[in-house]
Amino acid sequence: MLKIKDLKAQVEDNQILKGINLEINAGEVHAIMGPNGSGKSTLSSVIAGREDYEVTQGAIDFDGEDLLDLDPEERAHKGIFLSFQYPVEIPGVTVSNFIKTAINESRKGRGEEPMEAREMLAKMREKSALLEMDKSYLSRSLNEGFSGGEKKRNEIFQMAMLEPKLAILDETDSGLDIDALRIVANGVNKLRSKDNAVVVITHYQRLLDYIKPDYVHVLYQGKIVKSGGPELAHELEERGYDWIKAENA
Amino acid sequence: MTDLAQDLLSSFLVAESQLNGSRNLGVVSLRKKAMDRFEQQGFPTTRDEEWKYTNLKPVLKQDYRILLKGDDAVSFADIKKYLLSDLDTYKLVFINGKYSSWLSESTHQSFDICTFAAALNKYPEVIGDYLGKAAPEGTTFVDLNTAFADDGAFVRIKRNQTVDKPIEILYLTTDENGPAFAQNRNLIIVEQNAEVQIVERHQNIGTQPNFTNFVSEVFAAVDARVSYYKVQNDALHASLVDNTHVVQERGSNVHVGTYSFGGKLVRNNLHFYADGEHTESHMDGVTIIDDGQTVDHHTLVDHREPNCYSRELYKGIYLGNSHGVFNGKVMVRQKAQKTNAFQQNDNILLSERAKVDTKPQLEIFADDVKCSHGCTIGQLDKNALFYLRSRGIPKKEAEGLMTYAFASDALEYVKIPQLEKRLNRVIADKLGINLEFAL
């Protein structure tokens, strides 16, 4: 599904990604871990198309198409979703208006008809129930006055509504208490299928107890320095990142 | 002296004896004195501090018809779209300055919602008590209006009365063998503990570059509550100078919202005089304009008594080569301790050719007060834009949505849901986005 080849990216003159290679297939869950400043968020931003980063080398192929030529919205239309570490507040635009706009613009981008109002409403009800969100949620301004946990839940709600092929969860566990973590993870798990893939970006093992990865990668100084199975996450939890740093010194 | 000023002086000689109130000695004397002051002073130029950023010259060099006739050819179908639909309201409609009884719905039952001309005859003593008492003498446009204003809305809500439905005041201009110089005047008197909601609009339905010089005087007595909404979405060849002056007594609460989307040149002089303790003065507005348009908000809150609150929030969105001006003056007199004054002016420039001049002006003579002010001029937040685009919303729509969000929090105090919905729709239309407002 996603093939990243020798990807190098910089912001201003600061090289952050220094040659990333990663392949993700449908049905898989990948965890990307690593110390602060290793380039995890940059990688997710580059995949989603943030314009602040300049890709200087390499390629990202998504279902046989070169992603790097596409605008962020076009990538979303192809089925890429990024859950933000810090979701943005948009006063005056309700959650339901926002998600309707997002869904129908994505459909338009794919040459499809807008979703029927009734179907939209039914889907909103179903997905908000899945994330244990109160009904009043939908008529609130997007992320305005939301707690940290509510913002993250709202991200996963949007993911559930948009049904992406590839979902990237950037530090979705930060700022979540244990109950919210369970709800969010449960939401993500319910959306998993053999046709889609999930990338979980996190510092800690904690979230991976709930969303079980097939592969774990360690990103350090802009490169994937280690890959393995779920056991690698446990090892990192026990030993920290110092041994990784030492190995790559 | 400009040609227009000379025309005005000679027209006044003709008009003097014909205007409504020409048998009311007090009114006649007010008019004469005002005209004398105008003769002395003439029109302001950009050398005047108050007009530094807005050049009137292009508007004033036009040759105008000054003494206007009404227009009987206007039907309800022509004006329906300028009124709020789905809402029962009192209506006062003026065409080229003259009252149109067949398009209006006035009342004298529990309160007076009628014309200035009718009130001149019916309540000469009330006119004597209030006319010219809020709008300051010595400002050119107010003086000119005092001299020429023949008619307008008269609203008097008696003690403890709440008006059962909003009042819509519509000032129309049409083609009159040349551009019209329209001058109307409102007198709004809200007595103790009374309440009223007013929606006002100036609309040029003709093809000529008509110019309106308008004065509105509002008197809010003890504990009175006034919501006054100005919808400025006029034709792009129309210009307006609006002078609205509000005098507030103890415990009164007045909100004036100004929503400026249309017109070639719009200047709002909005003044609040807080003359009693515990008053609340609310001023807010949204401006969205494009090529060839100027909107200038000049506001004043004069805190003269202790323990008062004022809130001022203006949002501006500028496209094309449009030009916005905000000058917010807050005066806190020595006596006005414990004043709480808030002022904020936020602007977004969506074009490199758009321009904004913004100037907070605080003059504080009391030592125990809380006054805050701020102004921002910026572009849309890139991070937020990326957030929306990453959800599949194309750049243009995402910008529209964000701009809409930026503007809409200045509509928080609109108390008439139909009006709020309508304003939201206009804003969404202006920004090219499609939102459903049923939610």
Side-chain angles (χ1 to χ4, degrees), chain A residues 44-45 47-53 70-110 114 117 120-121 124 138-144 155 158-159 161-162 164 168 170, chain B residues 259 284-286 288 313 315 317 344 346 348 376 378-414 417 420-439:
Chain A
S44 59
S45 292
I47 297 171
R50 190 190 283 266
E51 284 160 351
D52 301 342
Y53 298 96
L70 302 180
D71 285 335
E73 56 268 33
E74 292 172 316
R75 300 181 197 204
H77 302 165
K78 303 268 177 224
I80 289 178
F81 178 89
L82 170 64
S83 167
F84 277 50
Q85 187 176 356
Y86 304 107
V88 174
E89 295 188 9
I90 316 230
V93 176
T94 61
V95 171
S96 64
N97 253 330
F98 178 71
I99 197 69
K100 265 187 221 172
T101 308
I103 285 184
N104 284 332
E105 288 295 346
S106 292
R107 287 184 157 229
K108 198 156 101 190
R110 292 193 292 263
M120 182 83 76
L121 198 64
M124 277 194 215
L138 293 171
S139 50
R140 285 173 63 187
S141 282
L142 186 67
N143 291 325
E144 192 188 28
E155 291 291 279
Q158 291 180 45
M159 170 185 158
M161 291 297 295
L162 289 162
I168 305 164
D170 187 7
Chain B
Y259 315 105
D284 50 30
V286 176
I288 306 176
L313 178 65
K315 301 267 185 167
I317 296 160
Q344 186 70 35
D346 295 322
I348 289 185
T376 60
Q379 279 106 27
L380 295 172
D381 176 32
K382 273 165 82 178
N383 190 37
L385 202 56
F386 174 60
Y387 181 71
L388 269 67
R389 294 178 75 190
S390 81
R391 299 292 140 95
I393 301 173
K395 191 175 177 205
K396 192 172 166 287
E397 280 73 16
E399 284 172 348
L401 209 57
M402 281 176 61
T403 317
Y404 169 82
F406 165 81
S408 68
D409 68 339
L411 299 183
E412 204 187 319
Y413 282 69
V414 178
E420 190 189 2
K421 200 167 152 182
R422 177 133 176 191
L423 290 170
N424 272 312
R425 264 190 214 291
V426 175
I427 293 173
D429 280 354
K430 289 269 164 198
L431 301 172
I433 57 168
N434 181 22
L435 287 181
E436 288 173 37
F437 297 100
L439 289 161

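Every heavy atom of this structure was used, including side-chain atoms; hydrogens, water molecules and symmetry mates were not. Residue numbering restarts at 1 for every chain, and letters A, B, ... go by the order of the sequence lines. No experiment lies behind these values; they were computed from the predicted model shown.
In this structure, chain B has no heavy atom under 4.5 Å from any part of A:P164. Both the backbone and the side chain of B:K395 have a heavy atom closer than 4.5 Å to some heavy atom of chain A. Using a 4.5 Å cut-off between heavy atoms, B:E412 does not touch chain A at all. Heavy-atom distances place the side chain of A:E51, and not its backbone, under 4.5 Å from chain B. A:D52 touches chain B through its side chain: at least one heavy atom from C-beta onward sits under 4.5 Å away, while N, CA, C and O do not.
Not counting sequence neighbours, the partners of A:S106 by the side chain to side chain contact (heavy atoms under 4.5 Å, CB included) test are A:H77, A:R110, A:L162. Listed by chain and residue number, nothing satisfies the ring-ring contact (aromatic ring centres under 6.0 Å, His included) test with A:Y53 (two or more places apart in sequence, or in another chain).
Chain B forms the most heavy-atom pairs under 4.5 Å with one residue out of A:R50, A:K78, A:E105, and that residue is A:R50. In terms of non-hydrogen atom pairs under 4.5 Å with chain B, the most contact-rich of A:I103, A:I80, A:L82 is A:L82. Looking only at heavy-atom pairs under 4.5 Å with chain A, the residue among B:S408, B:S390, B:A407 that has the most is B:S390.
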Given the rule in the side chain to side chain contact (heavy atoms under 4.5 Å, CB included) test, do A:F98 and B:I393 qualify, once you have shown the distances and angles that lead to the verdict?
CA-CA 9 Å; A:F98 178 71; B:I393 301 173; 3.6 Å; yes

Check the pair B:K315, B:D409 against salt bridge (Lys or Arg N to Asp or Glu O under 4.0 Å), reporting the backbone distance first and the verdict last.
CA-CA 9 Å; B:K315 301 267 185 167; B:D409 68 339; 3.2 Å; yes

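Taking the six-membered ring where the residue is Trp, the centroids of A:Y86 and B:Y387 are separated by 6.0 Å or more.
The two residues B:A405 and A:I90 have their closest heavy-atom pair at CB-CG2, 3.5 Å.
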